[in-house]
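Everything on this sheet refers to the single structure shown next.
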Amino acid sequence: MYYKKLKPFPKGFLWGASTSAYQVEGAWDEDGKGPSVMDTNKHSDKTTDFKITSDHYHHYKEDIALLAEMGFKAYRFSIAWTRIFPQGTGEINQKGIDFYNDLINEVIKYNMEPIVTVYHFDLPYALHEKGGWSNRATIDAFVQYVELLFESYGDRIKYWLTINEQNMMILHGSAIGIFDANAKDIEKELYQQNHHMLLAQAQVMKLCHEMCPDAKIGPAPNISAIYPATSKPEDVLAANNWTSIRNWLYLDMAVFGRYNSVAWSYLEEKGYAPIIQAGDMEILSGTKPDFIAFNYYNTGTVAASKNDASDRGGTGDQQIVVGEIGVYRGATNPNLGQTAFGWGIDPVGFRNTLRELNDRYNLPLLLTENGLGAYDKLEEGDVVNDDYRIDFLRKHIEQAQLAITDGVKLIGYCPWSAIDLVSTHSGCSKRYGFIYVNREEFDLKDLRRIKKNSFYWYKKIIANNGEDLS
Ligand code: BGP
């Protein structure tokens, strides 16, 4: 639809950006922090680990000041469960509580809204050893941990996010590094874990409403509109299969308190359906999020299954579709460009995704990740000319405004990432930030912070509330 005039970004729009604890903080074993699965899991020996990353733990004041200089209205970050409960449960680490108190106060000092993810991939290793999310005791540990966060920071946090990309942990856990890439036939177990995470999420959403009535809480999955490879009805059906399994399984449960019917039929057909205990469905349907936070990088394209082994392509990741026998096949979309890391670039798909979410759930939406991973180059005179990133972000912000004009209730835009950090599986050479961190995979250099061209551009966008995107 073409519009003669676009609606402006709403007043109080949450312009900002995002990070996660294990990818940005470093200080992996300092001040009483316990190990998480991200500290212990194997990663490629060609890329750095998560021990030091951008060393934000020691640089947070400098970093927050830079975000404030860009004019951020919000900063989305995650809390490392293992700083608060080093063993996942039991003894509390006061130094961890203090660190996030200081961080939150620093963010608020500059009138930025802290948006807090309570769990971003980094499950405490001690819980993992006891079965992780397969063990229902992890649900209780999670609720206890989040209850302490509400008690400690609930007076200042207005936006809570439950679990980052639960769908990607289930679908692409090996790419993210959560489980062994060689593990076989683990889907049944994963969907049981998924059920437990959904229960944990429902319980903390309810708790948030009881303990912090002025705050809002929502899930934070990775959501992509899924396109059929052609207009063949069979391809359209395959797209519906994949969107139900990838997207709606998670959000239908969070919002409507029920398993999506196509996704459930898939789980039953494959023998992956989780065991549901008495009382589980009451917990799952007994609450609702106040908004939906979601990460959008690109769309997916799929074709009808041939119902043989060729349905399954090579290895995938958060944004590369793999395919599944009898369900759908991954396809490439010839209409899209690609990043240096093989992810499609689809700004219009962002509008499609926003519309779909709005139509389906009718809740406020908060974009919590979107961005371009690239090999940025530090040039003479501390210049990082990342015009390709500016172009990527501009095109997505344009589509955000079109979606707002369509009637979508978008309340904020927090791309990935505020500052350079370590990617899930491509090391620190895959950069996303507005601020360059001077280090390489195995050479920490001086970790100096350098403003990229996109820093100055985004500052202008925020200052004029997205009125002039040039
Ligand atoms: C999302 C995760 C982030 C982040 C981002 C970019 O899936 O929530 O943690 O890293 O993807 O992905 P990558 O780091 O693989 O480039």
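Atoms within each ligand, like the ligands themselves, are counted from 1 in listed order. This is a predicted model, so every value here is computed, not measured.
The closest approach between M168 and ligand 1 stays at or above 4.0 Å for every heavy atom of the residue. Ligand 1 has H120 within reach: a non-hydrogen atom of the residue lies less than 4.0 Å from it. The shortest separation from a heavy atom of Y297 to ligand 1 is under 4.0 Å, placing the residue in contact.
Taking the charged nitrogens against the carboxylate oxygens, D31 and R83 have no contact shorter than 4.0 Å, which rules out a salt bridge. A salt bridge between D391 and K395 is present, with a side-chain N of the basic residue lying under 4.0 Å from a carboxylate O of the acidic one. Salt bridge annotation for R329-D311: present, with a cationic side-chain nitrogen under 4.0 angstrom from a carboxylate oxygen.
Here is the list of ligand 1 atoms found below 4.0 Å of a heavy atom in H425: 15 (O). Near S423, meaning under 4.0 Å from any of its heavy atoms, are these atoms of ligand 1: 13 (P), 14 (O), 15 (O), 16 (O). Near K430, with a cut-off below 4.0 Å to any heavy atom, the atoms of ligand 1 are 13 (P), 16 (O).
The shortest N or O to N or O distance between Q318 and ligand 1 is under 3.5 Å. At least one N/O-N/O distance between N164 and ligand 1 falls below 3.5 Å. Between Y432 and ligand 1, at least one N/O pair is under 3.5 Å apart. Annotation: E165 places an N or O atom under 3.5 Å from an N or O atom of ligand 1; distance criterion only.
Here the straight-line distance linking atom CG of L14 with atom OG1 of T368 works out to 11.5 Å at 0.5 Å rounding.
Between Y60 and the options Y75, F99, F77, a ring-ring contact (aromatic ring centres under 6.0 Å, His included) holds for only F99.
For Y375 and F341, the ring centers sit closer than 6.0 Å to each other.
Distance from atom 1 (C) of ligand 1 to its nearest protein heavy atom, with residue and atom name: E369 OE1, 3.1 Å. Closest to atom 14 (O) of ligand 1 among all protein heavy atoms lies T424 N, 2.7 Å. Here the protein heavy atom with the shortest distance to atom 10 (O) of ligand 1 is Q23 NE2, 2.9 Å.
Only side-chain heavy atoms of W343 come within less than 4.0 Å of ligand 1; its backbone N, CA, C and O stay farther off. With a 4.0 Å heavy-atom cut-off, ligand 1 is reached by the side chain of N295 but not by its N, CA, C or O. Under 4.0 angstrom from ligand 1, the non-hydrogen atoms of W416 all belong to its side chain.
By the neighbour-count criterion of 12 heavy atoms within 6.0 Å, atom NZ of K409 is densely surrounded, having more than that number from other residues, nucleotides or ligands.
Ring pair Y272/Y191 is parallel by interplanar angle, where below 30° counts as parallel and above 60° as perpendicular.
You'll find the side chain of K451 stays beyond 4.5 Å of the side chain of V384, heavy atoms only.
Side-chain atoms of E165 and N222 form a donor-acceptor pair, as typed in the model, at a separation below 3.5 Å.
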